[in-house]
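The structure under discussion appears below in the form of structure tokens.
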Amino acid sequence: AESVAALLMVGTIAGILITNFRVRNMVWGPGSVWAEPLQSRSAYWPPDLVEHLGNTAFLAYYLAAIAFAILWTLGWHTRLVGPLMLITEVSIVEHNPVVGDQGDNILRIGLLLLMFMHTNEHWSLDARRRSRTAAVPVTRTSGISSVVAVAKNLWRSHQVLPRWFTNG
């Protein structure tokens, strides 16, 4: 169920970004100065990461957001790609609050919850990678060896957080 929810939500994000590709500059990019009074919201979160980007830099950022969504849909290192996808999507959509709606907020809340779940358990490249490698045991002593073990398990798509914490 978690894998299906992740596929649907991230497919929605990729769909929104891809279908708005032609008008990206006018809606969220440098051409969206028409919404300037609402864009100057320095007291709000998230910080506006795309505010000072030019056309080329915004295009690269937009393409990175699409790439992160596609990689997460394929299940490629979802624990690392997921937060990057969430940050890029939120920063693009929140740059122009005029075109956003409550559906964006629900999508963001759902994605934040999916970051803690084991969404790559089925139908993903992570599941394939996990079946070919063994997990590195993590010792309870604090030290560089346990940090290395957690990093290896994270890269190899093995469970890092306790199962009860990631149970959807």
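Because the structure is predicted, anything quoted here is derived from the model rather than measured.
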Derivation of the side chain to side chain contact (heavy atoms under 4.5 Å, CB included) call for N25 and N55: CA-CA 7 Å; N25 284 330; N55 285 335; 4.0 Å; yes
Full working for side chain to side chain contact (heavy atoms under 4.5 Å, CB included) between L59 and F21: CA-CA 9 Å; L59 174 63; F21 186 78; 3.8 Å; yes
Full working for side chain to side chain contact (heavy atoms under 4.5 Å, CB included) between L86 and M115: CA-CA 9 Å; L86 181 63; M115 293 295 138; 4.3 Å; yes
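Under the 4.5 Å side-chain contact rule for hydrophobic residues, L17 and V23 share a cluster. By the criterion of side-chain heavy atoms lying less than 4.5 angstrom apart, applied directly or through intervening Ile, Leu, Val, Met, Phe, Trp or Tyr residues, L112 is grouped together with V10 in one hydrophobic cluster. Residues V90 and I92 fall within the same hydrophobic cluster, defined by Ile, Leu, Val, Met, Phe, Trp and Tyr side chains chained together at heavy-atom separations under 4.5 Å. Cluster annotation: L71 is connected to I18 through the hydrophobic network of ILVMFWY side chains, with a link wherever side-chain heavy atoms come within less than 4.5 Å. Side-chain heavy atoms closer than 4.5 Å link hydrophobic residues (I, L, V, M, F, W, Y) into clusters, and following such links, even through other members, never connects M85 to I106.
Shown here for L53 and A57, the closest heavy-atom pair between the two residues is CD2-CB, 3.9 Å. Between A6 and L114 the shortest heavy-atom distance is CA-CD1, 3.7 Å. Of all non-hydrogen atoms in A69 and T73, the two that sit nearest each other are O-OG1, 2.7 Å. Heavy atoms only, all atoms of each residue included: L8 and T12 are closest at O-OG1, 2.7 Å.
From L7, atom CG reaches atom OG of S124 across 8.5 Å, with rounding to the nearest 0.5 Å. Here D104 contributes atom CG and I13 contributes atom CD1; the two are 9.5 Å apart, rounded to the nearest 0.5 Å.
Using a 4.5 Å heavy-atom cutoff, the side chains of M9 and L107 are in contact. At least one side-chain heavy atom of S91 sits less than 4.5 Å from a side-chain heavy atom of Y61. In this structure, the side chains of L111 and W72 come closer than 4.5 Å at one or more pairs of heavy atoms. Contact check for N20 versus V27: no side-chain heavy atoms found under the 4.5 Å cut-off.
Within the 3.5 Å criterion, the main-chain N or O of G75 finds no donor-acceptor partner in the side chain of T78. Between the side chain of Y62 and the main chain of W28, no donor-acceptor pair closer than 3.5 Å is present. Judged by distance alone, with hydrogens and angles left aside, the side-chain atoms of R108 form no donor-acceptor pair with the main-chain N or O of N105 at under 3.5 Å.
Residue-environment remark: CZ (R132) exceeds the threshold of 12 foreign heavy atoms within 6.0 Å.
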